[in-house]
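Notes to accompany the following structure.
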Amino acid sequence: MSIGYACLTMGVLNTQFKTCRKENATDENLYKLIENNLNSLENIIDYNIKNNIKLFRISSDLIPFGSSEINKLPWHIIFKERFKKIGEKIKKSNIRVSMHPGQYTVLNSPKPEVVEKAIKDLEYHTIVLDLLDTNTKSKIILHIGGIYNEKNKSIKRFIENYRLLNNQIKERILIENDEKFYNICDVLSISEKLDIPVVVDNLHNKINPCNNKNDVYYWIKEANKTWKNEDGTQKVHYSQQNPSLKTGAHSETIYIKDFMEYYNYLPYKDIDIMLEVKDKNLSAIKCINSISIENKIFALEKEWAKYKYKVLETSPASYKKIRELLKDKSGYPVLEFYTLIEDALKNKIIKGNAVNAALHIWGYFKDIASQKEKENFLKKLRQFENNNVSLKNIKTFLFNISIKYKVKYLLENYYFYF
DNA sequence: TGACGTCAAGATCCG
DNA sequence: CGGATCTTGACGTCA
């Protein structure tokens with residue numbers, strides 16, 4: 001089993017994806033953006049290797065306007081070697097990458113120009129995965145599309161249009177149940193006709209179920225029959241509802257107790273789980289650590305180093321408890337550890353706690369900062385206490401001073417990223 | 001025509 | 001000027 005995350009990272013330096021508006025999409029500009037984005041992708045892959053994350057979805061924004069007329073750069077030739085180098089890292093480290101065109105890539109549209117664009121978009125995604133020299137276990141996940149008042153006709157159109165695709169695209173495509181129109185039964189029946197592997201999305205299935213008598217584990221077993229050897233391990237999508245947002249909105253983090261219930265009920269563990277969640281890689285690491293059967297107390301210590309100032313800021317009581325929890329090096333209290341962090345982060349930040357955490361960070365600089373920096377920081381802190389300066393402002397100051405004095409330990413600390 | 005979802009660019013405002 | 005905050009863009013479908 002591999003567990004992974006989609007597209008972006010939290011708290012990893014130099015992994016930002018850039019884009020531009022149509023009006024600014026000159027060759028020069030696009031060249032710079034693509035160069036930046038490929039560097040970011042490589043940094044993400046390096047990060048995944050370092051953290052033993054074996055599943056990752058590459059952002060469709062890798063190449064701005066990658067499937068559009070607007071981008072006239074022959075980027076697939078210009079950056080061929082860049083792709084190749086990144087692809088070698090991916091292969092060597094046995095990472096499985098995938099891609100997922102957005103909701104606006106609609107293969108079953110009644111409008112020919114929309115279908116044409118969708119095909120172009122699928123070609124673009126295929127080119128990226130080909131340039132990385134990935135095999136057919138690297139997939140492109142697609143939704144079925146719209147209904148247009150005639151579901152049966154729309155399904156038929158999906159089937160017809162799919163058949164028009166070339167084989168390189170076809171052997172990469174997966175289809176997934178969505179939260180509005182095509183439930184898991186619809187998708188499985190389309191799969192039967194076209195021989196496409198099916199991805200089961202738990203949250204979509206909850207919102208848009210096929211019936212009430214079968215649970216998600218049943219559908220995972222059914223979907224398993226659609227996967228062949230050359231497709232690799234069966235993949236599923238896993239996400240949780242954000243309790244304060246509208247139906248279908250992903251949660252801030254994967255709450256570990258709910259995930260473990262899902263994990264424990266899985267009928268078999270030879271499944272790759274793609275998490276869809278706001279805190280991205282953080283949840284991936286959390287879930288990977290949580291299903292570990294070996295004692296990885298060192299992994300929790302590593303995690304604690306990144307979370308601790310954030311926890312101190314939100315809940316000094318939890319901070320104390322976690323420190324106690326990690327004292328026993330013979331145990332591996334992984335679920336307690338993450339649950340304490342989750343509960344702490346649910347708290348609203350109280351000013352006094354924020355000041356306390358900021359002072360802890362400042363501890364790294366109080367002996368090396370210049371007089372002016374000291375005055376500046378203490379002034380800002382006073383202003384924060386008087387509501388004249390935001391906490392974000394304090395954090396930006398501390399982040400910038402971490403860069404200046406090259407305190408690498410702090411730069412990727414989660415304190416700066418929430 | 002606005003809402004949907006998602007991110008970052010771009011615009012604007014503030015001190 | 002830098003920083004913070006608001007608005008727009010890019011996509012297609014549906015109400």
Side-chain angles (χ1 to χ4, degrees), chain A residues 5-10 14-26 29-30 32-34 36-37 40-41 44 57-71 99-122 124-125 141-151 153-155 157-158 161 176 178-182 201 203-204 207-208 237 239 241-242 244-252 276-280 376 379-380 383-384 386-401 403 416-417:
Chain A
Y5 64 101
C7 306
L8 307 175
T9 59
M10 238 183 96
N14 305 315
T15 57
Q16 297 296 107
F17 287 97
K18 293 187 174 196
T19 185
C20 67
R21 301 269 170 90
K22 264 181 178 176
E23 62 204 65
N24 299 324
T26 59
N29 206 6
L30 287 168
K32 276 189 207 148
L33 294 171
I34 296 169
N36 170 84
N37 291 354
S40 290
L41 176 62
I44 291 174
R57 179 190 301 164
I58 296 173
S59 170
S60 298
D61 295 336
L62 183 68
I63 309 294
F65 304 102
S67 65
S68 160
E69 291 290 309
I70 292 159
N71 188 340
M99 295 187 85
H100 190 3
Q103 57 183 298
Y104 300 109
T105 301
V106 187
L107 191 60
N108 78 339
S109 173
K111 299 176 192 160
E113 69 275 16
V114 173
V115 176
E116 202 180 310
K117 275 186 196 168
I119 294 173
K120 283 241 160 68
D121 204 41
L122 293 171
Y124 154 65
H125 286 84
I141 293 93
L142 189 63
H143 290 289
I144 305 302
I147 298 278
Y148 315 96
N149 296 318
E150 292 175 296
K151 196 165 180 179
K153 271 194 178 171
S154 300
I155 289 174
R157 216 166 30 243
F158 181 89
N161 291 342
E176 180 196 354
D178 66 65
E179 76 272 42
K180 281 205 179 87
F181 309 126
Y182 295 93
D201 183 302
L203 186 60
H204 293 165
I207 300 165
N208 180 24
H237 287 176
S239 60
Q241 173 67 44
N242 185 319
S244 41
L245 298 180
K246 52 179 66 89
T247 304
H250 293 149
S251 59
E252 291 296 320
E276 294 180 320
V277 59
K278 293 282 175 196
D279 73 355
K280 304 289 180 184
N376 203 346
K379 187 180 155 201
K380 263 187 198 295
Q383 285 176 316
F384 170 66
N386 297 323
N387 295 322
N388 291 323
V389 136
S390 67
L391 181 54
K392 209 176 162 193
N393 190 302
I394 303 273
K395 290 195 182 189
T396 304
F397 175 87
L398 287 169
F399 185 75
N400 287 336
I401 202 168
I403 294 174
F416 291 118
Y417 299 92

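Computed from heavy atoms alone, side chains included, the values below leave out hydrogens, waters and symmetry copies. Because the structure is a prediction, the values reported are computed rather than measured.
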*With DNA chain B as reference, determine whether A/Leu8 or A/Asn29 sits nearer its 5' end, using the nearest nucleotide of each.*
A/Leu8
*Pick base, sugar-phosphate or nothing for A/Ser109, based on heavy-atom distances below 4.0 Å to the nucleic acid.*
sugar-phosphate
*Want to settle it: does A/Lys392 or A/Ile147 sit nearer the 5' end of DNA chain C, counting the closest nucleotide to each?*
A/Lys392
*What's the spacing between A/Lys18 NZ and A/Asn29 CG if we round to 0.5 Å?*
9.5 Å
*Among B/dA9, C/dG12, B/dC7, which nucleotide sits nearest the side chain of A/Val114?*
C/dG12
*Tell me which nucleotide among B/dG10, B/dC7, C/dG12 gets nearest to the side chain of A/Asn24.*
B/dG10
*With a 4.0 Å cut-off on heavy atoms, is A/Gly146 in touch with a base, just the backbone sugar-phosphate, or nothing at all?*
sugar-phosphate
*Check every atom of B/dT6, C/dG12, C/dG9 against the side chain of A/Arg21 and return the nucleotide holding the closest atom.*
C/dG9
*Could you check A/Lys22 against A/Asn108 and say which one's nearest nucleotide on DNA chain C is further toward the 5' end?*
A/Lys22
*Once you round to the nearest 0.5 Å, how far does CZ of A/Arg157 lie from CG of A/Asn108?*
5.5 Å
*Atom pair distance, as rounded to whole Å: CD in A/Glu116 and P in C/dC11*: 14 Å
*Side-chain (A/Glu276) to main-chain (A/Leu203) donor-acceptor, under 3.5 angstrom*: no
*From the list C/dT13, C/dA10, C/dA4, which nucleotide is the closest neighbour of the side chain of A/Phe65?*
C/dA10
_Using a heavy-atom cut-off of 4.0 Å across all strands, would you classify A/Lys180 as base, sugar-phosphate, or nothing?_
nothing
*Side-chain N or O of A/Gln16 closer than 4.0 Å to phosphate OP1/OP2 of B/dA8*: yes
*Report the nucleotide, chosen from C/dA4, B/dT6, C/dG12, that has the shortest atom-to-atom distance to any side-chain atom of A/Lys117.*
C/dG12
*Please check if any side-chain donor atom of A/Asn24 sits under 3.5 Å from a side-chain acceptor atom of A/Thr26, or the reverse.*
no
*Roughly how many Å is it from CD1 in A/Ile144 to P in C/dT13, rounded to a whole number?*
14 Å
*asked:* OP1 or OP2 of B/dC4 versus the side-chain N and O atoms of A/Lys246: is any pair under 4.0 Å?
replied: yes
*Side chain of A/Phe181 (C-beta onward), nearest among C/dC14, B/dG5, B/dA8*: C/dC14
*asked:* Rounded to whole Å, how long is the line connecting atom CZ of A/Arg57 with atom C1' of B/dC7?
replied: 14 Å
_Rounded to whole Å, please give me the gap between CD in A/Glu276 and C1' in B/dT6._
13 Å
*Please determine, for the side chain of A/Pro110, which listed nucleotide (C/dA4, C/dT13, B/dG5) has the closest atom?*
C/dT13
*In whole angstrom, what separates A/Phe158's CZ from C/dT13's P?*
14 Å
*Nearest-0.5 Å distance, NE2 of residue A/His100 to NE2 of residue A/His143*: 3.5 Å
*Which one, C/dT13, C/dG3, B/dG10, comes nearest to the side chain of A/Asn393?*
C/dG3
*Distance, rounded to the nearest Å, where A/Leu245 contributes CG and B/dG5 contributes P*: 9 Å
*Give a yes-or-no answer on whether the side chains of A/Thr15 and A/Ser40 include a donor-acceptor pair shorter than 3.5 Å.*
no
*Is any side-chain N or O of A/Tyr148 under 3.5 Å from a base N or O of C/dG12, one able to act as donor and the other as acceptor?*
no
*Nearest-nucleotide pick for A/Lys111, side chain only, options being C/dT13, C/dA10, C/dC11*: C/dT13
